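Structure record follows, encoded as structure tokens.
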Amino acid sequence: MSFTLPDGGSGPSGGPPPGGPPPGGMPGGMPGGPGGMPPGMGGIAPADLVASGGGTPYQTLSGRQRFWRRLRSRPEAMTAAAFLVFLVLVAIFAPQVAPKDPYDQNLRDNLQGPSSQYWLGTDQLGRDVLSRIIYGGRVAIQSMMIATVISAVIGVPIGIAIGFIGGWLDRIVMRILEVLYALPQLVVLIAIIGIMGPGLRNAMIALGLFMSTAYIRLLRGEVLAAREDLYVDSARVIGSPTRKIMFKHVLPNVLPTLLVTMTLLVGAVLLAEAGLSFLGLGAQPPQASWGAMLQESLTYIGRQPFLAVPPGIIIVITIMAVNLVGDAVRDSVGRGMPPAPPRRRRRQAVPEVDAEAILAEAAKELSAFGSARFERAPDTALLAVDGLSVSFPTPQGGVLTILQGSTFHVMPGETLGLVGESGSGKSMTALAVMGLIPSPGQVVAGSVKLNGIELTELSDNDLRKTRGTEIGMIFQDPMSSMNPSMTVGDQIGEALRIHKGYSKKAARERATDLLDLVGVPDPSRRVRAYPHEMSGGMAQRCMIAMALACEPKLLIADEPTTALDVTIQGQVLDLLRRLKDELGMSILFITHDLGVVAEICDRAAVMYAGQVVEQATVNELFTNPQHPYTEGLLRAMPQNTLMGERLRTIPGQVPEPWAWPTGCRYHPRCPYAQDACTSDSIDMQQLIPAHIVRCRRAEELQLEAAQ
Amino acid sequence: MSISSLDQPEPARPPVGDVLLDVEHLTVEFTQKRGETVFDRGRNVIHAVTDVSFDIHQGETLGLVGESGSGKSTTGRAILKLTPVKSGTIRFDGQDLTAMAKRVPLEVRKGIQVVFQDPYSSLNPSMVVADLVGEGLEVHFGLKGAARDERVLSLLESVGLARHYMERYPHEFSGGQRQRIAIARALAVQPQMIVLDEPVSSLDVSTQSQVVNLLEDLQAELGVAYLFVAHDLSVVHHVSHRIAVMYLGRIVEIGPSDRIWGAPAHPYTQMLLDSVPFANPTAQASKREARLAAAVDIDLPSPLNPPSGCPFHTRCPHVMDVCKEVMPGMTDAPGGGQVACHLFGDGSVAVAAPSMRLDADTSSSPAPSGVDTTV
């Protein structure tokens, strides 16, 4: 092949910075990690950061090595595992370890508390409780093993099979299960034991059989969902046999749920064993079992309350240990699960590092990025963003600046395009304008002025009010940005009721008018519809209606047409242009598609790796691009390539924030880069009026214009 | 139906061989429960694909274009045997796929592979790259251990991925890199044809170009045929030898890529072309004017209840009375290929044909849009 990707791990700077990536420090920043999005962000993922994975400087480890490494990083789980190992050893060597014979009765010493002779006291027959606990460990481990293994061995394959194959097999098994569930659990167990005869082993086999139904139901549901995933189709097309798809593709992906169920069931086994033993169906007296000991202690609770303590504590600790180990294993298998994201608290730091101090240090450096003379926004600008920088502290005490000195403005009635590839920082810019940067990141330098009001200094409450009334926002995917359980009308009216005090009826009427305004046919009927009842184009129109409800002066549109068909895209863009003119609002339009920029924007700012690199009117930008990145984006448009020619590309990809090169950040991909471009940072310069560019060679380069 | 649109040799294209895939009168329907209660046994029928016929030659790329809901992806899934077929035949390399049971013989599976649109859900998140790419090698060639890994390495190399990615999970990659993994996975079994279901739609422009170039290089090297399903005509035009345009489950136009791009015959193709945004503000402004002048601002009709006659008549700027009643058949389109529209062929009424954007002979360059020369 004539090109290769730069190896994601070792970027142009030759590897990760000393601080490394911020694991968990930048919520949602980890590439595609499930659940990595911080809560409370209302569906706004910093998509620019999320989408561009691949650069995380992982070491090359095999799956197994990673499993052990993850597991070892959990001290509580290792302690719990050590306890379980200890329990097993003690049970195996019970005759050597136990101080007394657990069956040795001594009625004169019955129901004693702890003493030097009987460390944990004696029971009603004067037997040593400690010895019975130790021997009871044998029963406990045996029951857990038998019941868990049997239930899993029976339940897992059946559950996966009926979920995957479905049809009649599924229906028959499910009806049998429903009948079983309709009967009291104990009755079913007694019936099974009645057939097999009493005794601990039989009781546990019966319990295992019964518990397998829990696995069957759970796995069937999980597999039904997983079966729809494209990777299963992909495995079918490859030609993998069904059995292999079930156990190699589907099972590993339902394993986390399976492990949680398994650990929960282990606890249930210990308790069920106690109940069965009490009824004489499990461990037979005088055999010691924790559950039976606990049950018996109840009878004597008035005379010797301590009797319940040892079996109670050992049961609790054992179940806890099993759960801790189970959780850790679940989090470590396969790709693993990311740790839960920290609760979002505005402007509050992660506890381990003094984020305030770190960010203050960063702020000092970044304030140098304040606007140059020619970047100063006119006083009449609606939105003026000046030297805006956003940083995240890393857990190692470093700082990651993902937006550096952004300066741009939007005039009243103007549409400004914010253009760049994934990872360029354009969505983060929008979040920063809205004051919605995910914690622990924050604006460390610069200002955001809306109508002359400094937004970065507003209190949370005022900011929320401004956001609701002055700024509207629409997103890429209307379906996932709307609440599926609320009608469209209620969602449009919500902002009106909160911010403008509309009554329910008035809000509904206004919502109908708004739907009419955005060109939804039959608005009085659609106002009562749910989002899923609409096509993508209609849903996007409803989103726009929602954003317009409070008549904002600024509409932030984050890739609003990327998920739509081209024909619908045209309609939505036409709609936005018409609304802008009718309502006199301004639009900050974020997109990666230069065709869309040409269609709707008046001016555009091109972003690369967290910096604005070029800014001009759209006509100027397309006819006289001055930054090589702009030229690269233009040339990559397929329609700018002649038939039979190869499509032109920009080699490589946008580097991750922790691998941003020194000097001009574009230099590793730039065909015009010189030695000087690699060292010093580059300032914005203005060669012709109203056209600024961050390129050292802008004056001498003759770049290719749009065709 | 055989479509002889390959008469005109196209420059800078690899020679195209015998017919590899032959789809005739393919119809796919889905049923949907109508009622919400158990007593309502009624079912709706979704006409996903209706009477679709086309063929693909060895080493050829056929672009399949249309809006979402046009049935283009369903057609791809039917060919992959992922969706049951109601009627019609799909013949691949001489074998009738539609006659086969659900479990397709391995050697047939080996012939057609797939790359899906969403690189996030099409790669099993709990498998590392070596296992993802190596799966086909194990299934079809029985390769294991070091022999398998060696082959995986050379496949990774051929799609431009570094060797140390072997033990990584899909979530550690960017969208473009994942798509490369998916391509390597498909190539592993040495297929004769790959169904590319919107392979670049979710990628950035420059990444998109990288992946498209990779696909073209692989075709030149290996002679693999592509069914390239997409909604973006500008990409499809670039990679395809021929393009078929689908609307509401039917093919409405099929022909050489240059002709479709330069001189679309069907009003729907014209509409799709006009919708492609061009990275040129001046051209885009005139395109916009043309679009607003012709605007018929209606969503795609529901495939539950397709319109009578020509399915496009509800949105067509050239609609005539006959369109509302009679479904037009396929007739030869000027400049090559075929079109299903009453404006063409024997039954055509004396009405101005949709504006031809360019003469066919200059069609090798992108159309300077807005320059409409009415025929």
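Naming convention: chains lettered A, B, ... in sequence-line order (proteins, then strands); numbering from 1 in each chain. As the structure is a computational prediction, the values presented were derived from the model and not from experiment.
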Handout entry: Test side chain to side chain contact (heavy atoms under 4.5 Å, CB included) applied to B:Arg77 and A:Asp233, step by step
Key = CA-CA 9 Å; B:Arg77 291 180 64 88; A:Asp233 281 342; 2.9 Å; yes

Problem - Donor-acceptor contact below 3.5 Å, side chain B:Gln113 vs main chain A:Val237 - result: yes

Handout entry: Test item: B:Ser209 side-chain N/O and A:Ala636 main-chain N/O as donor-acceptor pair under 3.5 Å
Key = yes

Practice task
Please step through salt bridge (Lys or Arg N to Asp or Glu O under 4.0 Å) for the pair B:Asp131 and A:Lys248, ending with a clear verdict.
Solution key: CA-CA 10 Å; B:Asp131 292 335; A:Lys248 218 177 145 191; 5.3 Å; no

Exercise for the section: Using atom types as modelled and distance alone, determine if a side-chain donor or acceptor of A:Arg236 lies under 3.5 Å from a backbone N or O of B:Leu82. Expected result: no

Practice task
Check each atom of B:Leu106 against the heavy atoms of chain A and say whether the ones under 4.5 Å are side chain, backbone, both or neither.
Solution key: side chain

Problem - Exercise: do B:Asn124 and A:His249 side chains pair donor with acceptor under 3.5 Å - result: yes

Problem - Between B:Arg185 and A:Ser234: side-chain donor-acceptor atoms closer than 3.5 Å - result: yes

Problem - A:Ser240 and B:Arg109: CA distance, side-chain angles, deciding distance, side chain to side chain contact (heavy atoms under 4.5 Å, CB included) verdict - result: CA-CA 9 Å; A:Ser240 280; B:Arg109 274 285 176 228; over 6 Å; no

Problem - Verdict with reasoning, B:Asp217 to A:Arg646, per side chain to side chain contact (heavy atoms under 4.5 Å, CB included) - result: CA-CA 9 Å; B:Asp217 290 344; A:Arg646 290 173 64 80; 2.4 Å; yes

Practice task
Indicate yes or no: does A:Asp574 engage B:Arg288 in a salt bridge with an N to O separation below 4.0 Å.
Solution key: no

Exercise for the section: Step by step, work out the side chain to side chain contact (heavy atoms under 4.5 Å, CB included) result for B:Gln208 and A:Met637. Expected result: CA-CA 9 Å; B:Gln208 175 177 307; A:Met637 296 293 288; over 6 Å; no

Problem - Segment of B:Leu203 engaging chain A (4.5 angstrom heavy-atom cut-off) - result: backbone

Problem - Between B:Ser275 and A:Gln569, a side-chain donor and acceptor under 3.5 Å - result: no

Exercise for the section: Could you tell me whether a side-chain N or O of B:His140 sits under 3.5 Å from a main-chain N or O of A:Ile238, the two making a donor and an acceptor? Expected result: yes

Handout entry: Partner of A:Tyr231 under side-chain contact (heavy atoms from CB on, under 4.5 Å), chosen from B:Ser122, B:Pro125, B:Ser126, B:Pro170
Key = B:Pro125

Handout entry: Test item: side-chain donor near acceptor, A:Gln653 and B:Thr207, under 3.5 Å
Key = no

Practice task
Would you tell me whether B:Glu67 and A:Thr567 have side-chain atoms, one donor and one acceptor, within less than 3.5 Å of each other?
Solution key: yes

Exercise for the section: For the residue pair A:Asp565 and B:Ser68, confirm or rule out a side-chain donor-acceptor distance under 3.5 Å. Expected result: yes

Practice task
Check each atom of B:Ile112 against the heavy atoms of chain A and say whether the ones under 4.5 Å are side chain, backbone, both or neither.
Solution key: backbone

